[in-house]
Amino acid sequence: MDQNSGTPPTADTEMDKVFEPASYEQKWQRYWTEQKIFELPPEGEGPTFCIMIPPPNVTGKLHIGHALQSALQDLLTRWRRMQGYRALWLPGTDHAGIATQLMVERQLESEGSSRLELGREAFLERVWAWKENFQGNIRHQLDLLGASCDWSRERFTLDEGLSEAVAEAFVRLYEEGLIYRGEYIVNWSPKLNTAISDLEVEMKEVRGKLYHLEYPVEGSDETVVVATTRPETMLGDTGIAFHPEDERYQHLLEKAAILPLVGRRLRFVADEVVDQEFGTGLVKVTPFHDPNDFEMGQRHGLDSVQVIGRDGHMTAAAGEEFAGLDRFEARRKIIERLREEGVLIRVEDHLHNVGHSQRSGEPVEPLVSTQWFCNVSSMADRALNAVKDGELQLIPDSWNKTWEHWLSNIRPWCISRQLWWGHRIPAWYAPDGEVVVARSEEEAKRLSGRDDLRQDEDVLDTWFSSGLWPFSTLGWPRDTADFRSFYPTDVLITGYDILFFWVARMVMSGLHFTDRLPFSAVHLTGLVRDAEGQKMSKTRGNTVDPLDLIEEYGADALRFTLCILDSPGRDIPLDPERMAGYRGFCNKIWNAARYALSRVGDAEVQESLDHEELAAPERWILSRLDATAEQVNAKLEIFRFDEACSLLYHFFWGELCDWYLEFTKPALGAGGEAGDAPRPRVGEVVLTVLDRSLRLLHPVMPYLTEEVWQRLPGYQKVQPTSIALAPFPDGKAGWRDEVVEEQVAALTELISRVRNLRQELGVGSKDAVRVEVSSETPGMDAFLEEQRPLLAFLCRLEEVAVAPAESEGEREDRLVARDRVSGVELVVVAPKKDLGEAERQRLEKDLAKVEGAIASTEKRLSNESFLAKAPDSVVAGARAQLQELEERRLQLKASLEG
RNA sequence: GGGAGGUUAGCUCAGUUGGUUAGAGCACCUGCCUUACACGCAGGGGGUCGUGGGUUCGAGUCCCCCACCUCCCACCA
């Protein structure tokens, strides 16, 4: 690395009035990369923390859901890094078999070419080129988002190491008898021309028809009626089934029906799966084209006839009349023919569910095919128990039941795909039919002692390789330093939509191959929706590009919005107006720093502060800071990103800016005429509080915090290179001070009340107002005496008297309002004004409300069970409340009477 | 047919083990360009917490019924 580039690009420029994220975001991303801040050496000291990115498909660009997940992962990684962990967020991409192949095929189509024309090898070259292009895009987008991934460890599911892991896993499962090859009914996608797994089939409700067909029974005048939604499959019927206990049909057992149009004999069989109540209680059986019928066929030894081919067109076995027709065309034609023959006796509307190929949209064609399968039931049991025993935590845990249900009803997983893009199945065939499964061709030859082997043409389901992701990325099956350091990983953050596709398979394979869970917690995010809660989709046209949002609001505002909206178990309605609000928060942070830097003179950030020597406002904000830091850490420990962000927002804006920075104005000479009230070390405290607040905010808002932090004089004492490496405040600075927190709480309430009274009494901002306060709380009067300048400044008062010997009385031209706030008696003396009608109405309404509250509190306090059973603190609270309400009532009455 | 989640202010959502007058952002009303911030400041209005029961001194919070909305799973042809 160039030595000169190691200098932080500190901005010693003037701060603009409005923050401009575009002016610094890329600068810092470059700096972090150059400094290799997120790259971890292979060996290191201290505890480790690891998150694996859910690898995005190389097919495209990141969408808002990726932005959400990345923001959360980066938040956790940065937080742990600042806490001193060797924190690794490992990035990578998924080859995404079908999806990517389709994209490239579409591209070829537009060039007037095709995959078949190119041939396998040339086609794969094209896909690799495509992948190189998009992989770069994804990295670029994560960079823009501020992701602190370790790019030196980037992986791709088809790279050499991961391919080795895939072959190893396949061979081991084969040797254990858990992977096998066989002829079974599978979900076939005619459009994709491949088998797909059960998970890739989406059930859709379809308005169809139920066709009632009448078949003659052989050797009698009797006929039987069967009902079907797919009349075209009748050409492949080889039996008719009824329930074993169905009295109506027992006599048919030894007989056969004759299949119209075809003339085939159909055996009658008795089988439990038939529902006596449905239709006539008789079911036509088409073993080749229906999963149920396939099983029935096996149970009863029925023949199997393929009438629909893999391309979705009728086969020769369907008869000349139909051969070559598309399956839906064939349906129309068969209905016509059946009607002519008088076989079709009734048609009724029928609402039913039909499996569709999730990726290509057309109805799936179940058919019998030779494929590779993985028997996952034993692995599923372990995965199931991991959640049951609490070793694996699903967040939110409402997913536990779904997890249990899915895993306990799991069926063999069809893992072979008739595609080109993917991990070629590590099985080789000899001309005589011998099958050799091995890690490589060399191994296959060595094992079998022959070299006339041909590798299986098919590839593996994409999810087979992603299922190994948490350990294959760390070097498994080799025993690498990274694998030893970072496996098992800590937490997985992903969307609930791939809980079974991916999460369950990682858990199963992790337990199987490494004997450990790949992570101990899974934080499932909701779906990002639009402001109205609608699902984002291209067809709806309501999608948003995270890059556009970054441009408009800044990466930090986007990240903060996503993180604060991530509440467990709910989808995320992404409202641009809300994001604008959080952009305002970024601007607030910027301007707080701008204020501080313009007022602190030559003060610097302090690593520690002796809060004994500080005045109450300083002790108060340090105490609040410590409390906030502690709470934020606690929330992050339990993955409550939303609450952690809320805490930060309210601390920074509601306490630091709204109150503390205002408290500093008289002391820092920004208070105009009310200024000139020196207090010790205010500048140091302002800078130190900002320093720590920025550190607390850094995991959510990396750019803004780095930019501002490196402007704070003395930040180098904390960490010379980057805020990303500065310690995360843990709330244990020893600044907590319950007494001062209570006192300042009383002060802020007092100030709010005085401001509110001014408005109620119709007193203008330029009128001279005198306030008298006094309290019986020990120490409070002394405290208020000290804070007189603040009270005067923040309420624009002419005069403040603490516990005056004599209260100013009422006069013709002025009024006196009395109230009681937080145990402090309050008297406001102001020029008499006429109440506006609106104000009068408001006060009357208020009075009614207060009187209602008094009545209900009195009722509660006169209830003996309440007094006897409620805790003392609650009863005391009610009494205190009643007293305050009474004061308020008197005050309101006084205001109304003028 | 199973299962999960939701129903709280005009909108989108928080709400800890049940405990004062239920919160936030945006929107709305009033007054402010108060030398950090109009992407701002101060003040304010607005909710019988989906319906109906129950437990309790006390229920948005716990229990039951119902209604409506969302989603997931499922081989009734």
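Note that this is a predicted model, so its numbers are computed, not measured. Naming convention: chains lettered A, B, ... in sequence-line order (proteins, then strands); numbering from 1 in each chain.
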What nucleotide, of [options], holds the atom closest to the side chain of [X]?
X: A:Pro871; options: B:A77, B:C75, B:G19; result: B:G19
X: A:Lys401; options: B:C75, B:A4, B:C76; result: B:A4
X: A:Phe278; options: B:C37, B:C76, B:A74; result: B:C76
X: A:Tyr649; options: B:A42, B:G25, B:U34; result: B:G25
X: A:Arg860; options: B:U20, B:C39, B:C72; result: B:U20
X: A:Asn756; options: B:G44, B:U20, B:A36; result: B:G44
X: A:Gln881; options: B:C37, B:U21, B:C41; result: B:U21
X: A:Phe866; options: B:G19, B:A36, B:C72; result: B:G19

Looking at [N], I'd like to know if its phosphate oxygens (OP1 or OP2) sit under 4.0 Å from a side-chain N or O belonging to [X].
X: A:Arg599; N: B:A36; answer: yes
X: A:Asn409; N: B:C73; answer: no
X: A:Gln759; N: B:G31; answer: no
X: A:Arg640; N: B:G15; answer: yes
X: A:Trp653; N: B:C39; answer: no
X: A:His405; N: B:A74; answer: no
X: A:Lys588; N: B:C41; answer: yes

Same-atom distance ([atom1]) from [N] to [M], integer angstrom:
N: B:U70; M: B:U12; atom1: C1'; result: 16 Å
N: B:C64; M: B:G5; atom1: P; result: 13 Å
N: B:U48; M: B:C71; atom1: C1'; result: 31 Å
N: B:G44; M: B:A24; atom1: P; result: 12 Å
N: B:G10; M: B:G47; atom1: P; result: 7 Å
N: B:C29; M: B:G23; atom1: P; result: 23 Å
N: B:A22; M: B:C28; atom1: P; result: 25 Å
N: B:C63; M: B:C69; atom1: P; result: 24 Å

Say whether [X] and [Y], considering side chains only, have a donor N or O and an acceptor N or O under 3.5 Å apart.
X: A:Asp237; Y: A:Tyr215; answer: yes
X: A:Lys284; Y: A:Thr286; answer: yes
X: A:Gln631; Y: A:Thr628; answer: no
X: A:Asn863; Y: A:Arg860; answer: no
X: A:His300; Y: A:Asp271; answer: yes

Need one value for [X]: base, sugar-phosphate or nothing, where a base atom within 4.0 Å counts as base even if backbone is also close, heavy atoms only.
X: A:Ala592; value: base
X: A:Asp658; value: sugar-phosphate
X: A:Ser567; value: sugar-phosphate
X: A:His350; value: sugar-phosphate
X: A:Arg583; value: base
X: A:Leu885; value: base

Would you call the rings of [X] and [Y] parallel, tilted or perpendicular if under 30° counts as parallel and over 60° as perpendicular?
X: A:Phe500; Y: A:Trp406; value: parallel
X: A:Phe663; Y: A:Tyr660; value: perpendicular
X: A:Trp653; Y: A:Phe585; value: parallel

Report task. Between A:Cys657 and A:Glu277, just flag the one whose closest nucleotide in RNA chain B comes earlier from the 5' side. Result -> A:Cys657

Query raised in the report: 5'-most contact on RNA chain B: A:Thr857 or A:Met203, nearest heavy atom basis?
Result: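 The residue mapped nearer the 5' terminus is A:Thr857.
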
Starting at atom [atom1] of [X], determine the distance to atom [atom2] of [N], rounded to an integer number of angstrom.
X: A:Lys859; N: B:U21; atom1: NZ; atom2: P; answer: 13 Å
X: A:Glu404; N: B:C73; atom1: CD; atom2: C1'; answer: 14 Å
X: A:Ile751; N: B:G43; atom1: CD1; atom2: P; answer: 10 Å
X: A:Phe500; N: B:G3; atom1: CZ; atom2: P; answer: 15 Å
X: A:Asp642; N: B:U16; atom1: CG; atom2: P; answer: 12 Å
X: A:Phe242; N: B:A77; atom1: CZ; atom2: C1'; answer: 16 Å
X: A:Glu577; N: B:C13; atom1: CD; atom2: C1'; answer: 15 Å
X: A:Lys284; N: B:C76; atom1: NZ; atom2: C1'; answer: 14 Å

Ion pair present between [X] and [Y], side-chain N to carboxylate O less than 4.0 angstrom?
X: A:Glu887; Y: A:Arg889; value: no
X: A:Glu630; Y: A:Lys635; value: no
X: A:Asp198; Y: A:Arg411; value: yes

Query raised in the report: For every nucleotide of nucleotides 6-12 of chain B, 5' to 3': is a protein heavy atom under 4.0 Å from its base (B), only from its sugar-phosphate (S), or from neither (-)?
Result: SS----B

Report task. Mind checking which stems touch RNA chain B? I mean at least 3 consecutive Watson-Crick or G-U pairs, both distances under 3.5 Å. Result ->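 Stems (3+ consecutive pairs) listed as B:1-7 with B:67-73, B:10-13 with B:23-26, B:28-32 with B:40-44, B:52-54 with B:62-64.
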
Query raised in the report: Do the side chain of A:Lys17 and the base of B:C37 come within less than 3.5 angstrom through a donor-acceptor pair of N or O atoms?
Result: no

Query raised in the report: Can a donor-acceptor pair under 3.5 Å be found between the side-chain atoms of A:Glu662 and the base atoms of B:A42?
Result: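 Answer is no: no donor-acceptor pair is held.
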
Report summary line: The side chain to side chain contact (heavy atoms under 4.5 Å, CB included) partners of A:Glu864 (sequence neighbours excluded) come to none

**Report entry** Geometric cation-pi criterion A:Lys665 and A:Tyr595, 6.0 Å radius, 45° cone
**Finding:**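 Because its charged atom sits under 6.0 Å from the ring centre and within 45° of the axis, A:Lys665 does stack over A:Tyr595.
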
Requested in this report: Considering non-hydrogen atoms only, spot the tightest contact between A:Val225 and A:His212 and give its length.
Outcome: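 Of all heavy-atom pairs spanning A:Val225 and A:His212, the closest is CG1-CB, 4.0 Å.
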
